[in-house]
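Chain naming here is simple, since letters A, B, ... match the order of the sequence lines and numbering starts at 1 in each.
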Protein chains: 2
Amino acid sequence: MYFCERLLTFIMNKKETIFNVALQLFSSQGFDNTSTSLIAKKAEVSEGLIFRHFTNKEGLLNEILIEGFTKIKPYLDLIIEENDPKKVILLTLELPYKIISQHREFWKLQNNMRLQNDKYREDFDQNAFFEPLDTKVKNAFKSLNCGNPDVEKETFFIFLNGLALYILENDNNENPVELVKNIELKFID
Amino acid sequence: MYFCERLLTFIMNKKETIFNVALQLFSSQGFDNTSTSLIAKKAEVSEGLIFRHFTNKEGLLNEILIEGFTKIKPYLDLIIEENDPKKVILLTLELPYKIISQHREFWKLQNNMRLQNDKYREDFDQNAFFEPLDTKVKNAFKSLNCGNPDVEKETFFIFLNGLALYILENDNNENPVELVKNIELKFID
DNA sequence: ATTTTATTAGTGAGTAATCACTTATTTTTT
DNA sequence: AAAAAATAAGTGATTACTCACTAATAAAAT
């Protein structure tokens with residue numbers, strides 16, 4: 001554990017160590033319940049260094065969230081570029097596992113912040129972030145001659161959020177292929 | 001605002017006032033981010049009274065959660081008693097709106113606790129609480145001659161969780177009948 | 001190339017404010 | 001008068017954050 005942090009510090013710089021320790025702590029025990037002193041202790045740096053690099057606790061959170069969204073953006077772009085409507089639906093269905101299996105801690109953190117913190121919802125508007133995918137999926141359903149593409153799209157995203165929650169709660173990084181297949185059948189015939 | 005609390009205290013006793021103020025604060029700004037001094041201030045009681053009635057901050061949280069689950073239990077029992085498998089599915093689909101429209105603050109609180117707090121997950125095992133409904137729904141799908149009732153049930157609950165999240169995020173208490181109808185079609189033909 | 005000058009990275013000991021919680025005392029109810 | 005309910009005034013511990021300072025690195029000047 002502590003050996004691990006020491007190793008991290010050796011190959012990363014201390015700022016990165018703080019960043020990673022904070023991400024781990026924020027996502028596992030919550031932002032409010034994580035003190036800067038604990039972050040410093042686990043990262044094996046002085047507490048003051050946190051504030052030198054990130055101004056304040058919230059600044060540290062913001063950097064973590066911004067990097068997270070930046071890393072996830074390409075997953076969305078890949079779908080936006082797809083032209084086959086059926087493939088758009090299929091790729092979007094695979095999105096939750098793809099994102100969470102590789103960015104679990106970030107996703108858990110942003111999920112908790114979104115549900116709990118009002119100020120966060122202003123700073124990071126998830127609707128705005130997913131809007132391009134939203135319209136892409138809607139148009140896909142339109143192309144597939146779906147009865148009411150708007151309702152179908154909304155239903156689809158409700159499903160997607162449920163699926164993301166399911167994957168988030170199963171700590172093992174297992175791909176729920178069977179479930180995704182079953183969902184698939186309900187949206188594409 | 002403060003007039004309201006004063007009115008509450010007049011018709012309720014002070015313990016109930018503390019209870020309600022804490023529920024409101026815990027659900028809107030999080031348990032960790034809510035201090036006992038703020039609860040006391042908003043409830044217009046002395047801070048010590050909180051500890052007299054609820055032992056400690058966690059005791060207050062527990063009473064809130066236990067009452068919440070107790071109030072929600074009858075909603076589940078109603079479905080358990082139902083024998084028509086189709087009706088079981090339909091009633092379960094209506095569950096999220098029924099619960100959240102009437103117990104929004106509690107549901108938001110328990111949702112956040114479940115996602116964030118490990119100790120909470122031990123004390124209040126949501127899986128155990130919903131287990132009777134879980135098997136009831138599984139048997140319903142079995143009765144309806146569904147291909148794989150287990151997968152269908154799991155898919156159904158993923159949907160249900162997504163739906164609950166959707167209703168929770170739309171602060172207006174509007175019944176999403178159109179969406180529920182659309183989901184319905186995907187599970188019953 | 002070597003010295004001087006800035007800049008950045010990092011520390012450890014503080015700060016006031018706030019935290020959950022306690023104790024002693026007073027008010028209210030029975 | 002006794003018991004219960006409520007308050008006011010505390011407690012030590014912890015909080016996010018600042019401060020004065022040093023060590024290391026980079027840039028500029030000689």
Side-chain angles (χ1 to χ4, degrees), chain A residues 2 5-65 109 112-113 116-117 119-120 123, chain B residues 2 5-65 109 112-113 116-117 119-120 123:
Chain A
Y2 282 104
E5 304 309 336
R6 223 167 275 153
L7 190 70
L8 283 176
T9 313
F10 190 71
I11 51 175
M12 301 187 302
N13 57 39
K14 298 203 175 185
K15 186 180 177 183
E16 285 177 292
T17 310
I18 293 169
F19 183 101
N20 289 315
V21 168
L23 169 58
Q24 192 260 306
L25 288 174
F26 286 166
S27 81
S28 68
Q29 41 173 285
F31 175 75
D32 292 318
N33 198 34
T34 303
S35 68
T36 50
S37 71
L38 180 65
I39 295 168
K41 197 177 157 194
K42 285 226 174 195
E44 293 185 308
V45 297
S46 66
E47 200 178 347
L49 192 59
I50 294 172
F51 297 92
R52 153 121 299 152
H53 283 310
F54 301 97
T55 311
N56 51 34
K57 195 185 170 187
E58 206 183 299
L60 173 54
L61 174 68
N62 279 342
E63 275 207 31
I64 288 173
L65 290 171
L109 174 59
N112 288 342
M113 295 305 296
Q116 204 147 55
N117 195 301
K119 200 193 166 297
Y120 167 83
D123 295 350
Chain B
Y2 281 104
E5 303 311 335
R6 222 168 276 153
L7 190 71
L8 283 176
T9 313
F10 189 73
I11 51 176
M12 301 185 302
N13 57 39
K14 298 205 174 186
K15 186 179 177 183
E16 285 178 291
T17 310
I18 293 170
F19 184 99
N20 289 315
V21 168
L23 170 57
Q24 192 260 308
L25 288 174
F26 287 166
S27 82
S28 67
Q29 42 174 285
F31 175 75
D32 292 317
N33 198 33
T34 302
S35 67
T36 49
S37 70
L38 181 65
I39 295 168
K41 199 177 154 193
K42 286 227 174 194
E44 294 186 305
V45 297
S46 66
E47 198 179 347
L49 193 58
I50 294 172
F51 295 91
R52 183 185 155 71
H53 282 309
F54 301 97
T55 311
N56 51 32
K57 194 185 170 186
E58 207 183 298
L60 173 53
L61 174 67
N62 279 342
E63 276 207 30
I64 287 173
L65 291 170
L109 174 60
N112 289 341
M113 295 304 296
Q116 204 146 56
N117 197 300
K119 201 193 165 297
Y120 167 83
D123 295 350

Could you pull out the protein-nucleic contacts involving nucleotides 7-12 of chain C (nitrogen or oxygen on both sides, under 3.5 Å)?
unit_1  : atom_1 : unit_2 : atom_2 : d
dA9(C)  : N7     : R52(A) : NH1    : 3.4
dG10(C) : OP2    : H53(A) : NE2    : 3.2
dG10(C) : O3'    : K14(A) : NZ     : 3.3
dG10(C) : N7     : R52(A) : NH1    : 3.4
dG10(C) : O6     : R52(A) : NH1    : 2.8
dT11(C) : OP1    : K14(A) : NZ     : 2.9
dT11(C) : OP2    : S46(A) : N      : 2.9
dT11(C) : OP2    : S46(A) : OG     : 3.1

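Rounded to whole angstrom, the span from the CZ atom of F51(B) across to the P atom of dA24(C) amounts to 17 Å. Between N56(B) atom CG and dC19(C) atom C1' there is a gap of 14 Å when expressed in whole angstrom units.
Judged as a ring pair (Phe, Tyr, Trp, His ring centres under 6.0 Å), and not counting sequence neighbours, the contacts of Y120(A) are F124(A). Here S28(A) pairs with Q24(A) under the side-chain contact (heavy atoms from CB on, under 4.5 Å) rule; sequence neighbours left out. For T36(A), the side-chain hydrogen bond (donor to acceptor under 3.5 Å, both in side chains) partners two or more places apart in sequence, or in a different chain, are E47(A).
Identified under the salt bridge (Lys or Arg N to Asp or Glu O under 4.0 Å) test for residues 52-64 of chain A, with sequence neighbours left out: K15(A)-E63(A), E58(A)-K119(A).
For the pair L60(A)/N56(A), no side-chain contact is recorded, criterion being any heavy-atom separation below 4.5 Å from C-beta on.
Among the heavy atoms of the strands lying under 4.0 Å from T36(B) is at least one base atom, whether or not backbone atoms are also near.
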**OP:** Just do the side-chain contact (heavy atoms from CB on, under 4.5 Å) check on I39(A) and V45(A) with the steps written out, would you?
**Re:** CA-CA 9 Å; I39(A) 295 168; V45(A) 297; over 6 Å; no
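Below 30°, between 30° and 60°, or above 60°: for F26(B) and F31(B) the angle between ring planes is above 60°, a perpendicular geometry.
When DNA chain D is scanned in the 5' to 3' direction for atoms under 4.0 Å from non-hydrogen atoms of chain B, the outermost contacting nucleotides are dA4(D) to dT7(D).
Counting only distance, with no hydrogens or angles, the side chain of T17(B) and the backbone of N13(B) share a donor-acceptor pair below 3.5 Å.
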